[in-house]
> 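Below you will find the structure I want to go over with you.
We count residues from 1, following the sequence as given.
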Amino acid sequence: MFSRLVFGLGLLSATALVHPALAADAARTLQIFVSKDKQSLAVYDGTEVVATSKVSTGKDGHTTPSGIFSVLEKQKYHESNLYSAAPMPFMQRLTWSGIALHESNSVPRYPASHGCVRMPGAFAKMLYGMTDPGVPVIISDGELVPQPIDHPTLFHPDAPAAMPLLSDVELRPSMPDGPEKPVQVAMNDTAAMPMPAAQPIAAPEPEPPSEPISMLITRRTLRETVIDIQTLLNQLGFSAGNPDGLLGPSTVQAIKAFKTLRPAEFSANKSLVSDTLLREVYAAAGKGEPPNGVIMVRQAFKPIFEAPVTITDPGLALGTHFFALHAVDERAGTADWLGITLENNLSRETMKRLGITNQESSIITGKPIARSLSRITIPDETRRKIDALIAPGSTLTISDTGLGRETGEGTDFITITRG
């Protein structure tokens with residue numbers, strides 16, 4: 001863990017001081033937690049609190065949304081686009097729709113803003129200097145504390161392979177049979193070779209840290225289903241167009257052509273896209289049972305790839321869980337993950353749309369994180385690809401509700417648990 005010079009932690013004012021050089025080195029592993037019940041903010045490095053402050057969140061009619069965010073943009077001086085160019089110094093944007101952390105001269109420690117999170121001036125300035133874009137910001141009703149999580153579903157770097165022995169060399173005894181016989185040892189080249197002059201061994205240059213990635217595991221939506229159908233129909237020779245998740249003319253024509261060849265399977269189902277269609281396309285392509293989940297990966301706020309995963313017991317809610325990678329040990333192949341569970345009660349309409357009949361695991365009781373992780377199966381190929389990408393500061397969100405409206409161009413995965 002990075003050492004820190006921290007004095008005078010307190011909730012009533014900006015009294016936490018962090019050595020600026022140390023803060024910059026460790027900025028990618030920080031996490032910011034805002035409690036609306038306590039009107040407080042805490043900055044964590046791992047499980048260690050390194051700074052705290054009082055805040056004021058949104059008042060009635062302008063409630064600050066709860067959920068999982070990250071710093072998208074920073075400006076030392078910003079004026080509100082929504083409220084008469086109100087000043088917002090040391091602004092750290094959380095959504096492109098207008099939610100941010102910023103300095104204010106009015107932080108009464110009760111909800112008073114138009115949706116942003118207000119902070120006292122000295123603390124806002126200090127926090128601005130500590131963070132980088134991408135730092136996670138968790139806003140919740142109750143206070144949350146990140147806890148170490150160890151589970152086989154979580155990602156970890158591949159440990160380096162052990163150096164092989166000289167398997168192609170015949171080994172000989174190192175002790176002579178008698179005092180008159182010389183000792184023989186195994187060598188790759190038995191010819192006499194002069195000993196080279198001793199050369200100093202230079203320390204290897206440390207590799208620059210990789211850019212953290214953000215990941216979301218969620219249920220497949222119509223978009224992912226259509227992308228799969230387009231991809232597989234193209235492989236089967238039906239010219240479904242670019243796999244973009246959109247039901248354009250080429251895709252519709254390819255689906256109808258595929259169904260025409262299998263009238264018995266689709267005679268009772270007139271929907272253009274259905275579970276039956278997905279199963280039949282998967283079977284025709286020799287892909288087995290279609291998955292019901294997806295993992296999406298972004299880096300530097302840009303999508304880099306996504307892949308199918310399988311969620312067991314799909315009628316049971318996964319809940320909303322967030323994980324941050326604090327440190328990795330490349331030699332040992334280990335990763336130190338921290339996790340939290342956010343309360344996220346689903347509406348009846350949402351449960352019906354997602355096919356959820358029981359949302360017990362979205363309530364913070366028992367061991368919801370372990371239960372949800374154990375229900376997710378990630379293909380080995382996908383796991384190896386992600387294991388090679390993770391770096392300190394990488395994050396993983398598990399959610400039933402998908403991308404959400406706030407996730408878009410220039411964001412990590414934003415999950416709103418309460419609007």
Side-chain angles (χ1 to χ4, degrees), residues 8-18 30-44 49-131 133 135-146 320 322 340 342-345 364 404-406 411 414-419:
L9 296 178
L11 287 171
L12 297 180
S13 62
T15 56
L17 302 178
V18 180
L30 297 179
Q31 296 186 78
I32 299 171
F33 289 84
V34 175
S35 168
K36 293 194 288 187
D37 287 353
K38 292 194 172 185
Q39 292 291 289
S40 65
L41 180 152
V43 183
Y44 280 84
V49 177
V50 296
T52 59
S53 175
K54 67 176 182 177
V55 298
S56 283
T57 58
K59 58 188 176 184
D60 286 346
H62 300 277
T63 304
T64 302
S66 297
I68 301 163
F69 308 86
S70 63
V71 175
L72 305 179
E73 178 189 44
K74 298 173 65 173
Q75 293 182 14
K76 287 187 177 180
Y77 186 78
H78 179 75
E79 293 182 348
S80 173
N81 299 323
L82 301 176
Y83 299 105
S84 304
M88 300 168 61
F90 299 105
M91 185 274 295
Q92 302 194 56
R93 182 183 297 278
L94 305 183
T95 72
W96 292 114
S97 63
I99 304 300
L101 310 171
H102 65 84
E103 173 191 341
S104 175
N105 57 11
S106 176
V107 188
R109 204 170 184 179
Y110 57 75
S113 79
H114 284 90
C116 288
V117 178
R118 296 179 181 175
M119 302 174 290
F123 184 85
K125 182 177 181 179
M126 181 191 72
L127 184 65
Y128 189 94
M130 292 172 65
T131 62
V135 166
V137 180
I138 313 302
I139 301 176
S140 59
D141 291 342
E143 189 175 28
L144 295 175
V145 176
T320 303
F322 179 75
I340 57 165
L342 290 82
E343 187 168 3
N344 187 22
N345 292 314
I364 308 175
R405 290 178 297 176
E406 293 288 357
T411 75
I414 298 175
T415 300
I416 304 297
T417 57
R418 188 185 296 276

> Nearest 0.5 Å please: distance from the NE2 atom of His102 over to the CE atom of Met91.
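Rounded to the nearest 0.5 Å, the NE2-CE separation comes to 9.5 Å.
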> Indicate yes or no: at least one non-hydrogen side-chain atom of Pro133 is less than 4.5 angstrom from one of Glu73.
no
> Can a donor-acceptor pair be found, under 3.5 Å and without considering hydrogens, that links the side chain of Gln39 to the backbone of Thr57?
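Yes, Gln39 side chain to Thr57 backbone: donor-acceptor pair under 3.5 Å.
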> Find the distance between CD (Glu343) and CZ (Arg418) and round it off to the nearest 0.5 Å.
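Here the interatomic distance stands at 6.5 Å.
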> For the CD1 atom of Ile99 and the CZ atom of Arg93, what is their distance to the nearest 0.5 Å?
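Answer rounded to 0.5 Å: 10.0 Å.
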> When rounded to the nearest 0.5 angstrom, what distance separates CD in Glu103 from SG in Cys116?
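So the CD of Glu103 and the SG of Cys116 are separated by 13.5 Å.
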> Out of Ile68, Thr320, Val145, Ile138, which one pairs with Ile340 under the side chain to side chain contact (heavy atoms under 4.5 Å, CB included) rule?
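Of the listed options, the one satisfying the test is Ile138.
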> Write down the atom of Phe123, the atom of Thr52, and the distance for their closest heavy-atom approach.
CE1-O, 3.2 Å
> Counting only heavy atoms not in Lys74, do more than 12 fall under 6.0 Å of its NZ?
yes
> Give me the atom names and distance for the closest heavy-atom approach of Leu144 to Phe33.
O-CD2, 3.9 Å
> Starting from the C-alpha separation in whole Å, work towards a yes-or-no answer on side-chain contact (heavy atoms from CB on, under 4.5 Å) for Phe90 and Met126.
CA-CA 9 Å; Phe90 299 105; Met126 181 191 72; over 6 Å; no
> Test Val107 against Met119 for side-chain contact (heavy atoms from CB on, under 4.5 Å), laying out the working first.
CA-CA 6 Å; Val107 188; Met119 302 174 290; 5.7 Å; no
> Do Tyr128 side-chain atoms and Lys76 backbone N/O form a donor-acceptor pair below 3.5 Å?
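Indeed, once roles are kept as given, a pair shorter than 3.5 Å links the two residues.
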> For a side-chain hydrogen bond (donor to acceptor under 3.5 Å, both in side chains) check, start with the C-alpha distance between Ser97 and Glu406, then their side-chain angles and the critical distance, and finish with the verdict.
CA-CA 8 Å; Ser97 63; Glu406 293 288 357; 2.6 Å; yes
> Does the side chain of Phe69 reach to within under 4.5 Å of the side chain of Ile416, using non-hydrogen atoms?
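Yes, at least one pair of side-chain atoms sits under 4.5 Å.
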> For Ser66 and Lys36, test the side chains for any donor-to-acceptor distance below 3.5 angstrom and give the result as yes or no.
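Note: Ser66 and Lys36 side chains meet the donor-acceptor criterion.
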> Using a cut-off of 6.0 Å, state whether more than 12 heavy atoms not belonging to Asn105 lie near its atom CG.
no
> Going through the checks in order, is the side-chain contact (heavy atoms from CB on, under 4.5 Å) test met by Leu127 and Ile32?
CA-CA 10 Å; Leu127 184 65; Ile32 299 171; 4.1 Å; yes
> If you define the side chain from C-beta out and look only at heavy atoms, does anything of Leu94 sit under 4.5 Å from Ile139?
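Touching, per the 4.5 Å side-chain cut-off.
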> Indicate whether the side chain of Ser40 and that of Glu143 have a donor and an acceptor atom separated by less than 3.5 Å.
no
> For Thr64 and Ser113, work out which heavy atoms get closest and say how close.
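Looking at all heavy atoms of both residues, the shortest contact is OG1-OG, 4.4 Å.
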> If you take all heavy atoms of Met88 and Ala100, which pair is closest and at what distance?
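Looking at all heavy atoms of both residues, the closest pair is CE-CB, 4.1 Å.
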> Do you know the tightest heavy-atom contact between Lys54 and Pro120?
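Scanning both residues, the minimum pair turns out to be O-CD, 3.4 Å.
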> Between Val135 and Gln92, does a side-chain contact (heavy atoms from CB on, under 4.5 Å) hold up when you go through it step by step?
CA-CA 10 Å; Val135 166; Gln92 302 194 56; over 6 Å; no
> Using atom types as modelled and distance alone, determine if a side-chain donor or acceptor of Ser56 lies under 3.5 Å from a backbone N or O of Arg109.
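Yes, Ser56 side chain to Arg109 backbone: donor-acceptor pair under 3.5 Å.
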> Arg118 and Ala112: which non-hydrogen atoms are nearest, and at how many Å?
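Residues Arg118 and Ala112, closest heavy atoms: NH2-O, 3.3 Å.
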